[in-house]
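In what follows, a single structure is set out as structure tokens and then discussed.
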Amino acid sequence: MYSLRVAVHLVDHPLVHDALAILRDAATAPELFRRMAVRISLLLAAEATRDLPALPVTVSTPLGPADGRRVQGDVVVVPVLRAGLGMLDAVLELIPSARVGHIGLQRDEMTAIASRYYSKLPSSLEHSVVLMIDPMLATGGSAVAALDMLRHAGARDVRLICIVAAPEGIALVEARHPDAQIYTPAIDRGLNEQKFILPGLGDFGDRLYGTH
Ligand code: URA
């Protein structure tokens, strides 16, 4: 279905998979679901920023000078509303200086086609590392719509962080944005007729916010 022309980074850390198992469990209540969403997002964001440039520095410990490295460069985090908001605080905890954009996409329940209802992006994205956060890469419709908007705004280095991906979503991103990078711990079986990921974890936004 996809040829891996697009870079898919399969994150294999045991703590990531521990949190994912709890997120998948239908018995997990919203409070724990939110905590696990934060935990897994922190770990995935650490993986997606592994190659951020760093500058050598010397700092003074109480006992003398020590060589170190400080992260350099502009990072922009873009949650895709609503579900992506559940991942935002975790990424900002890791990179407090990051600028934040928002993209609001509504998925039509019948057709699963994404339409835009909100967009506010920081300026000058050309040299930024853009972390697009959207937990469920299902049909890929929302991801591609958001990637279109980011590209149009000038972004070149876009890394999509998702918690569960479907082969269909990866294939669409690959067809439309082969230079994007995808970070995910799980590529599931596929989609059901309602375009939910199987086995997936259900509706991420509903489980995060307790709406049904
Ligand atoms: N969005 C969700 O929240 N879950 C899915 O399975 C697919 C899209």
Side-chain angles (χ1 to χ4, degrees), residues 1-2 6 8 10-11 16-17 19-45 77-91 102-119 131-150 158-177 180 182-212:
M1 189 171 275
Y2 56 90
V6 68
V8 179
L10 255 187
V11 181
V16 167
H17 285 271
L20 178 58
I22 298 170
L23 288 169
R24 285 192 193 273
D25 189 340
T28 300
E31 186 188 349
L32 180 58
F33 191 92
R34 280 194 285 269
R35 281 181 31 220
M36 290 306 112
V38 168
R39 182 179 299 173
I40 200 168
S41 303
L42 256 164
L43 293 161
L44 292 173
V77 191
V78 181
V80 177
L81 307 183
R82 151 183 84 137
L85 285 178
M87 304 173 72
L88 178 61
D89 286 350
V91 182
H102 291 87
I103 291 179
L105 295 169
Q106 181 105 34
R107 186 167 108 126
D108 185 295
E109 297 280 324
M110 303 301 287
T111 62
I113 292 171
S115 60
R116 173 169 103 179
Y117 65 88
Y118 185 75
S119 165
L131 303 176
M132 186 177 125
I133 48 180
D134 192 359
M136 305 300 280
L137 177 58
T139 62
S142 315
V144 163
L147 284 164
D148 287 345
M149 289 156 71
L150 288 168
V158 185
R159 306 168 185 199
L160 165 56
I161 304 178
C162 54
I163 293 173
V164 182
E168 292 88 334
I170 295 174
L172 193 66
V173 170
E174 178 175 74
R176 304 279 290 277
H177 290 281
I182 299 172
Y183 289 81
T184 185
I187 302 174
D188 277 11
R189 246 187 352 262
L191 303 177
N192 69 8
E193 282 180 2
Q194 289 75 43
K195 311 295 182 197
F196 277 87
I197 299 177
L198 292 174
L201 50 73
D203 187 304
F204 193 95
D206 280 350
R207 297 204 53 200
L208 191 66
Y209 295 118
T211 49
H212 286 290

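One-based numbering, in listed order, for ligands and for the atoms of each. All figures in this text were calculated on a predicted structure; none of them were measured in a lab.
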### Task
Report the residues that fulfil side-chain contact (heavy atoms from CB on, under 4.5 Å) with His102, sequence neighbours left out, ordered by chain and then residue number.
Pro79, Leu81, Leu85, Leu88, Val100, Tyr118
Output side-chain donor-acceptor pairs under 3.5 Å for residues 26-35, partner residues at least two apart or in another chain, one line each.
{"from": "Thr28", "atom 1": "OG1", "to": "Ile22", "atom 2": "O", "distance (Å)": "2.6"}
{"from": "Thr28", "atom 1": "OG1", "to": "Asp25", "atom 2": "O", "distance (Å)": "3.3"}
{"from": "Arg34", "atom 1": "NH1", "to": "Leu208", "atom 2": "O", "distance (Å)": "2.7"}

### Query
Could Asp148 and Arg116 be called an ion pair, given the rule that one side-chain N must be under 4.0 Å from one carboxylate O?
no
### Query
Residues in side-chain contact (heavy atoms from CB on, under 4.5 Å) with Ala83, at least two apart?
Pro135, Phe204
Can you list every pair where an N/O of ligand 1 is under 3.5 Å from an N/O on the protein?
{"from": "ligand 1", "atom 1": "3 (O)", "to": "Phe204", "atom 2": "N", "distance (Å)": "2.7"}
{"from": "ligand 1", "atom 1": "4 (N)", "to": "Gly202", "atom 2": "O", "distance (Å)": "2.8"}
{"from": "ligand 1", "atom 1": "6 (O)", "to": "Ile197", "atom 2": "N", "distance (Å)": "2.8"}

### Query
Looking at Val16 and Ile40, what are the two nearest heavy atoms and their distance?
O-CD1, 3.4 Å
### Summary
Looking only at heavy atoms, the pair that brings Ala45 and Val91 closest together is CB-CG2, 4.0 Å
